[in-house]
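Below is one structure, written out as structure tokens; the observations come after it.
Both counts, for ligands and for their atoms, begin at 1 and track the order of listing.
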Amino acid sequence: MTIKRSVIDSILSYAKMAHPNESVLLLHGKLSKKTILIDEVVIPPLATHGQDFSEFPLSMLPSSLSMIGVAHSHPNGVLEPSIQDLNHFYGRVMVITAYPYESETDLALFDGKGNPVRYEII
Ligand SMILES: [Zn+2]
């Protein structure tokens, strides 16, 4: 799993902007046999700032091969997926960023079981 630095920065600044509400961003990128590269974030077409991730209509998203997963923020500062998050898992990976959204230490990737995913920033 590889993430572009610009994607990390976008997730952090978008989360700051939405705080104290949750923010949701779609992760786009490239899948290969060996790895996944996340190289773009997209504001969801139906998004409004402050929409709860758990209420976000993932089923209404256009399905796309380039859609790797979803990033959302935790204004409460907890850097772990909730049960609801795991029930709403979409794609290959879930990115969570927790308040104060200052750097990549306030951000983590998880698989569909809630296990942390190691990644590299390029
Ligand atoms: Zn969450």
Parallel, tilted or perpendicular, as decided by the 30° and 60° cut-offs, for the rings of Y101 and H19:
perpendicular
Taking the basic N atoms (NZ, or NE/NH1/NH2) and the acidic carboxylate oxygens, is any pair closer than 4.0 Å for K16 and E102?
yes
Can you find a side-chain donor-acceptor pair between S23 and S73 that sits under 3.5 Å?
yes
Distance criterion under 2.8 Å: protein N/O/S atoms around the Zn ion (ligand 1):
4
Here the pair of heavy atoms bringing L86 nearest to P81 is CD2-CB, 4.0 Å
Between E40 and V7, the two heavy atoms sitting closest are N-CG2, 3.4 Å
How would you list, by chain and number, every residue that makes a ring pair (Phe, Tyr, Trp, His ring centres under 6.0 Å) with F110, sequence neighbours excluded?
none
